[in-house]
Amino acid sequence: MPIIEFWILDVSYDVVGGVPEVRMWGVDRAGRKIVVLDRGFRPYFYVVVDEHRGEYEEALRKALSAYTLLGVEAVEKKYFGKPVKAYKLTLTNPRLVPRARESAARLKFVRDVLEADIRFYMRYMVDNGVLPSTWHLAEVEEADKPRQWRVDAVYLAKRPPEPVEDDRSIPPLKTLAFDIECYNRYGEPDPERDPVIIIGVAEEEGVKLYTADNHSDRELLRSFTEHVKRSDPDIIVGYNSNRFDWPYLLERASKNHLKLAVTRAGGQPAPSVYGHISVTGRANVDLYDYAEEIYEVKVKSLENVAEYLGVMRRDERTIIDPNLIYRYWDDPEKRPILLRYAEDDVKSTYGLAGKILPFGIELSSIVGLTLDQVFAASVGNRVEWHLIRQAYRYGELVPNRVERRYETYRGAIVLKPKPGVHENIAVIDFSSMYPNIMIRYNISPDTYVPPGEEVDESEVWIAPEVGHRFRKSPPGFYKKVLERLLEARRRIKEKLRELDPETPEYRILDERQRALKVIANATYGYCGWSGARWYKREVAEATTAWGRMLIKKTIEYARKIGLEVIYGDTDSVFVNYDPEKVEELIRYVEEKLGFDVKVDKVYKKVFFTEAKKRYCGLLEDGRIDVVGLEAVRGDWAEISKEVQEKVIEIILREGDPWKAVEYVKKVIEDLRSGRVPLEKLIIWKTLTKDIEDYEVDAPHVVAAKQLAEAGYRVRRGMKIGYIVTRKGGEKVSSRAKPFFLVKTIDEVDVDYYIRRQIIPAALRILSYFGVKEEHILGGGRQASLIDFLG
DNA sequence: GCCTTGAAGTTACCG
DNA sequence: ACCGGTAACTTCAAGGCG
């Protein structure tokens with residue numbers, strides 16, 4: 001019986017001849033594309049009962065007899081840490097589980113029906129410890145390959161594959177990026193009417209552009225399908241491909257009576273969980289899903305994200321107005337520009353894959369979702385799948401999803417900053433504060449002691465302020481899970497110290513420790529999310545309560561030993577950098593409070609206004625940090641952000657507010673005389689709800705309505721870019737216009753930009769130094785010292 | 001009826 | 001469909017004044 005090693009790319013299942021078959025698609029050590037089948041697993045779920053009784057068993061058999069029931073097994077499990085009795089009901093056909101669940105739930109003695117909503121192939125992976133994006137060993141026999149399957153070999157597993165410990169190497173995976181352009185003469189392209197005109201494909205060997213025959217995309221779609229089949233990629237990446245490219249291609253294929261048979265099972269891509277499109281046997285990754293999480297990039301266009309990740313510079317690429325694509329297509333002179341644009345897009349997409357996939361691969365293997373699902377899944381779902389995996393290891397039943405009403409609880413402490421410029425300031429912060437609090441005080445739904453229950457005080461931790469109690473032992477679910485994550489991360493970081501940062505191994509492990517941190521840190525947020533299976537308000541509430549206690553004690557001690565506390569937020573304190581005292585403070589927190597803290601950074605200078613969560617500082621290496629201020633917000637015009645950034649730079653580097661005033665005046669002059677490009681005046685705001693649901697006509701809502709009227713598809717989640725013009729009413733919103741409808745600076749309400757954008761952004765910093773609006777608007781060169789003192 | 005004021009609605013940030 | 005805390009903008013309606 002041969003033993004093979006393979007790396008899992010995708011997992012699917014089908015029912016063949018009444019038998020469910022789990023299919024693990026992957027790559028073996030020799031680089032062959034293979035699929036390993038397991039026909040030995042059956043779906044099941046649990047019913048919780050008060051006690052095991054023969055008559056219950058009989059009743060269950062009877063009630064479920066119509067659903068190919070294979071067995072009823074009395075089992076002892078744990079539910080929220082408490083031993084419970086249950087029956088494990090095993091069926092043959094996964095598709096019958098939902099109905100079987102209903103029937104079981106109707107029986108009077110059934111207290112709970114659990115785990116009936118775990119998808120079959122996930123059930124298989126969880127129970128057998130099978131991890132996507134990880135090497136496995138499997139004892140197999142070779143099986144016949146169905147004709148349409150596009151793999152080198154099909155194996156039948158004797159038993160479930162086992163993951164190979166400590167081998168995080170990644171096989172050579174063939175990646176294909178694609179991107180489509182559509183004909184859009186009538187606004188938003190409509191697959192009912194408008195053909196696909198270009199499909200760009202980028203791979204290691206280069207870029208290939210497929211084009212439509214004028215307005216017929218039949219051959220184009222065929223060529224693309226053939227290309228993918230020939231090229232046989234392991235990973236397909238796109239940018240917004242789950243929501244746009246794939247649905248569009250599928251619709252066009254259907255119009256043309258074609259099949260986009262690009263999966264390794266021979267079928268078409270199909271909608272799947274978390275709004276992603278599944279290309280069976282391959283990982284179909286939409287990089288936009290990851291881009292959405294890059295908060296530094298405000299408008300998440302492909303160009304912006306590619307620039308941010310160092311994949312392609314904006315000034316090196318062809319940029320055309322996407323609304324005018326059809327003109328470039330129809331005009332033979334301009335068509336080459338469009339082709340270059342398409343080429344740059346698909347090249348960027350391919351480049352992004354190299355930057356993003358290594359993290360996705362590690363995240364996928366940690367939370368146990370396939371590579372293509374892990375990006376599509378929300379943070380909450382990623383955390384939850386990680387928890388479900390762990391629950392299985394500990395014999396814990398998985399709670400059902402339930403609708404709960406939303407409740408609030410108190411969060412962290414934010415200190416009022418001491419306004420002004422401070423020199424030599426150390427920022428001390430707690431390492432992974434919330435995870436460590438949950439571990440230290442054993443905070444978990446299963447260790448929670450409700451108010452009525454009598455327990456000796458010595459046996460519980462009592463949360464400050466809120467009084468919630470948690471048993472000190474045994475270790476709770478969250479504690480075990482978080483300890484395991486942090487421990488794994490600690491081990492990796494240790495190993496990283498011995499590795500050369502230039503090696504692929506270093507990169508992989510560095511991404512892994514990052515993924516571990518992300519999941520650990522998101523677990524607190526998860527436990528306070530009312531949609532979570534393991535939700536418990538008291539858990540989240542106690543965690544923040546202990547957080548407040550810790551930061552308060554830290555501040556108190558800092559003051560006691562003569563450190564001045566300038567500011568603090570949640571898990572950080574800003575103090576004057578007196579190395580000995582800072583050392584002493586750290587020792588206090590570590591020894592007396594029992595938590596890890598470190599000097600995160602040291603500012604040569606840091607500036608605060610009276611506002612919390614907004615400051616800027618000059619670091620020791622000369623870089624400037626801007627936090628919370630307009631300059632780092634996506635909803636201010638570029639011109640205002642630029643001005644504020646420059647003002648901050650002048651203040652921190654030269655300490656001369658009046659020089660900054662001169663600079664601001666100059667920018668205003670430039671704006672008045674039309675020397676500022678229109679792009680710098682665009683204000684971007686997200687449409688967070690459907691347009692009809694808005695109660696007030698905010699400027700971006702009015703702009704969005706204009707877009708809708710002009711025939712554009714306006715959807716929730718879109719960023720609306722508008723410019724404030726002169727024509728219209730009093731209200732700003734009545735003068736807001738979609739940016740690309742504004743053609744010249746003459747239409748712009750320059751005064752709005754000066755008084756409501758540039759001046760506020762500049763004064764946010766400068767007003768502390770006595771600068772007033774008049775100083776910037778006034779004609780005089782420079783205000784006097786008297787102004788400053790007065 | 002006009003002007004001021006503050007609440008409400010809205011977005012995006014911090015940790 | 002991860003949390004609460006926060007600043008700051010725009011709109012809108014209530015309240016004050018005459």
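We name chains A, B, ... by the order of the sequence lines, and we start the count at 1 in each one.
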- Counting any heavy atom closer than 4.0 Å, what does A:D697 reach on the DNA or RNA strands: base, sugar-phosphate only, or nothing? sugar-phosphate
- Residue A:S378, side-chain atoms from C-beta onward, closest of B:dA12, C:dA1, B:dC14: C:dA1
- Task: Counting heavy atoms from C-beta on, name the nucleotide in C:dC12, B:dC14, C:dA8 closest to the side chain of A:E630.
- Result: C:dA8
- Query: Counting side-chain heavy atoms from CB outward, which of C:dT10, C:dG4, B:dG15 is closest to A:V627?
  - Reply: B:dG15
- Query: Does A:K480 count as lying over the ring of A:Y394, i.e. NZ or CZ under 6.0 Å from the six-ring centre, within 45 degrees of the axis?
  - Reply: yes
- Item | A:K418 to A:F608, cation-pi by 6.0 Å centre distance and 45° axis angle | no
- Closest listed nucleotide, where the reference is the side chain of A:V414 and the choices are C:dC3, C:dG5, B:dT11: C:dG5
- Task: Return yes if a side-chain donor-acceptor contact under 3.5 Å exists between A:S133 and A:S364, otherwise no.
- Result: yes
- Message: In this structure, is the centre-to-centre distance between the rings of A:F607 and A:F769 below 6.0 Å?
- Response: yes
- Would you please confirm or rule out a distance under 4.0 Å between OP1 or OP2 of B:dT11 and any side-chain N or O of A:Y694? yes
- What nucleotide among B:dG15, C:dA8, C:dC2 has an atom nearest to a side-chain atom of A:D569? B:dG15
- Query: Out of C:dT10, B:dC13, B:dA12, which has the shortest distance to the side chain of A:V632?
  - Reply: B:dC13
- Message: Regarding A:G634, tell me which of base, sugar-phosphate or nothing describes its non-hydrogen contacts under 4.0 Å with the strands shown.
- Response: sugar-phosphate
- NZ or CZ of A:R514 within 45° of A:F359 ring axis and under 6.0 Å: yes
- Message: Measuring from the side chain of A:K613 (C-beta onward, heavy atoms only), which nucleotide among C:dA7, C:dC2, C:dG4 has the closest atom?
- Response: C:dG4
- Message: Could you tell me how far apart A:D571 (CG) and B:dG15 (P) are, to the nearest whole angstrom?
- Response: 8 Å
- Message: Side chain of A:P699 only, heavy atoms from C-beta on: which candidate in B:dC14, C:dT10, B:dG9 is closest?
- Response: C:dT10
- Query: Side-chain N or O of A:Y615 less than 4.0 angstrom from OP1 or OP2 on C:dT6?
  - Reply: no
- Task: Select base, sugar-phosphate, or nothing to describe what A:Y406 touches, counting heavy atoms under 4.0 Å on all strands.
- Result: sugar-phosphate
- Across the strands shown, which category fits A:Y434 at heavy-atom distances under 4.0 angstrom: base, sugar-phosphate, nothing? nothing
- Nearest to side-chain heavy atoms of A:T570, which nucleotide of B:dG15, C:dA8, B:dT10: B:dG15
- Phosphate contact (C:dA1 OP1 or OP2) by A:S530 side-chain N/O below 4.0 Å: no
- Message: Under 4.0 Å, heavy atoms only, any strand: does A:R764 hit a base, just the sugar-phosphate, or nothing?
- Response: sugar-phosphate
- Contact under 4.0 Å: A:K612 side-chain N or O vs B:dG15 OP1/OP2: no
- Task: Using a 4.0 Å heavy-atom cut-off across all strands, classify A:R614 as base, sugar-phosphate, or nothing.
- Result: sugar-phosphate
- Query: Counting just side-chain N and O atoms, does A:T688 come under 4.0 Å of either OP1 or OP2 of B:dT11?
  - Reply: yes
- Task: Please check the phosphate of C:dT10 (OP1 and OP2 only) for any side-chain N or O of A:R756 closer than 4.0 Å.
- Result: yes
- Query: Closer than 4.0 Å, any side-chain N/O of A:K689 to the OP1 or OP2 of B:dG9?
  - Reply: no
- Message: Looking only at the side chain of A:H700 (C-beta and beyond, no hydrogens), which of the listed nucleotides C:dA8, C:dG4, B:dT10 gets closest?
- Response: B:dT10
- Message: Can you confirm if the aromatic rings of A:Y603 and A:Y577 lie within a centre distance of less than 6.0 Å?
- Response: no
